[in-house]
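Just below is one structure, and these are the notes that go with it.
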Amino acid sequence: MCIRDSIYKVDDKNGRLYQSYLGQKLSFDSDIVQLPLGNEAYLTHGMEDYFEPAIRVLHNDGNPSLLLKYISHENKQLQPGVDETVILLKDDKYPVEVKLHFIAYPKENIIKEYAEISHQEKKPVTLYNYASSLLHLNGSKYFLTEFAGDWAHEVNMKETELAFGKKMLDTKLGSRANMFCSPFFLLALDRKAEENAGDVLFGTIGWTGNYRFTFEVDNENGLRVLSGINPYASEYSLKPNEVFRTPEFIFTYSTEGKGKASRDFQRWARKYQLKDGEKSRMTLLNNWEATYFDFNEDKLVNIMDEAVALGVDMFLLDDGWFANKYPRSSDHQGLGDWEETVTKLPNGIGKLVKEATDRGIKFGLWIEPEMVNPKSELYEKHKDWVIHLPNRDEYYFRNQMVLDLTNPKVQDYVYGVVDNLMTKYPGIAYFKWDCNSPITNIYSPYLKDQQSHLYIEYVRGLYNVLERIKQKYPNLPMMLCSGGGGRCDYEALKYFTEFWPSDNTDAVERIFIQWGYSYFFPAKSMAAHVTSWGKQPVKFRTDVASMCKLGFDIRIHEMSQTDQQYCKEAVANFKRLDDVILDGDQYRLQSPYESQHAAVMYANDNADKAVLFAFDIHPRYAESIQPLRLQGLKEDARYELKEINLVPGTQSRLACNGKTFSGEFLMNVGIPVFSSRPTNSHVIEITEVK
Ligand code: DGJ
């Protein structure tokens, strides 16, 4: 069985399934037959293998072993450009079966893999391990890049060589699952990962909860990569005939380095996975960093005027608009009570929607519907809806607790937060859905004696809610936020048009944060706001945010006239070029991890339009500055270069501004765009001259 660049074979003698190959796609059957069998594809516990298994099952007679034999497979087209192969495996002593699903996107070079586990024993069997995917790799060396950090410090890239034994990347945080480690990795074979050369595997798991990646190098220097739900504290009692479906592990294998793998992921996401991935996005003005909890109707209406002057599409009202018994005047109270605070907003959300509509802009609203402050009416009425240990003192993360989404009544309630608001105020055009706490006080009042299902059922409950919202409001854009980038997985992004990568909006930090996420996510999925967190020039901050989905979170009237004018022009430029920036192919040209400069460019499908962003961060005195070579252009086409986003009243300092070059020159010789000025930036529009 050939599934893009991986090949599976069955051993004629023992009837078991093997992963024979993973690498550059092979085209000739005459070669494929010569490949050795390889390693068993979905390894089980209790048989001859001595390393980490994909599946471990305890049968109800106490036998802990499983031996899976190949039964059959089928191929089908799910839609044009998407093929599925399903391989059925069964144990010949116990009625347990595993279906391995591989969904291939040949054009984008992406494979999704998941497993379905079921049985017909008389009583439930216990699943201890249940990987979505097991991949075997054979290289001389393995270099793993992880993306870890913390609040306001997300996706720091660190590359390490793997040696014998195991390295795990996992989370046990439940709801704000990715606060310390993002659910993706990249793995280079033989040598460290390079941008434009070498073999790399990129993998990510579509699961909005606890995940685990295990990388294990064995005694023969083979590497197995196991991906799936984190089985920690999550043994699963599987009833007869119930199908346990694992989340999807999504991966690509590139022989042309990281840049190609990222572009494949970004294209695939826009086309198939991200909600409204091929549709446009709204620029916005948010009030969180501009006001925090300190606002009233007049102040918000003034900010709407600023949004209009700036030329953005929407005003987004953040935290602090709700609750009356315990008004949400700080993060200590009110979560769960989703009615407008009458003292702050006497005319309610309806009036704000109207004010926005009258000004020709849209209105968006922040919610955090999975959570509750103990100081709230919801907590007072429904303590049984809150995840908490019945016999212990409560402890809080950001003064709040997590609602028990395993409970269908709680699912109805959380769904109702959106549904009630939309029913009452159909003019709401957007939600920012936040989630600021991990699961704490880990006990579900609803699950009672099945506590080991809590982490899994929580995520399933969340998907039920999100699915209902998507069914009823298919065109409602939403931002996925979790105290910054605490949630950023591709299953959640089926329901969200974008995510909030970090609360850290310092523009220098954002260069690194956006760089890190760009390995897996397209620019249009990343909300990037200009704020006052960093003290760099407004131009620098805006140029950084313009590399993704541009927004603002700042009091515009407090800026100088020049800066206001600059921002207005930058918004207009972004809107004019957003088809290139948000839908084009991205090329990472200069890494901020390797120098005091960074450069990213986007080119459209025909390569007749491109936009280049170049930044000097903190250059060294008298450092030698090299020309920057571009990518993604046509060698024989001629391009005119024009610097845009210039501060009003200033001229471009770039020698290339206004000149015309061939693609060959731009990609092989390059242009000087860097300087020794700190926090300096250039945006260059590149247009083919026809
Ligand atoms: C955390 C988010 O990341 C912020 O953008 C903001 O919405 C706050 N929560 C509000 O409490």
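Positions are given from 1, in the same order as the sequence printed here. In each ligand, atom 1 is the first atom listed, and ligand 1 is the first ligand listed.
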Let me know which protein residues bring a heavy atom to under 4.0 Å of ligand 1; chain then number is fine for ordering. Trp288, Asp318, Asp319, Trp366, Arg398, Lys432, Asp434, Asn436, Cys481, Gly483, Gly484, Trp500, Asp503
Taking the six-membered ring of Phe265, is the NZ or CZ of Arg270 close enough (under 6.0 Å from the centre) and on axis enough (within 45°)? no
Does the ring centre of Phe147 sit less than 6.0 Å away from the ring centre of Phe184? yes
Sequence neighbours left out, what passes ring-ring contact (aromatic ring centres under 6.0 Å, His included) with Tyr443? Give chain and number order. none
Residues passing the ring-ring contact (aromatic ring centres under 6.0 Å, His included) test with Tyr413, sequence neighbours excluded, are Trp385
If the threshold is 4.0 Å, N to carboxylate O, is there a salt bridge linking Lys299 and Asp294? yes
Can you name the residues that form a side-chain contact (heavy atoms from CB on, under 4.5 Å) with Phe180, not counting sequence neighbours? Asp150, Leu173
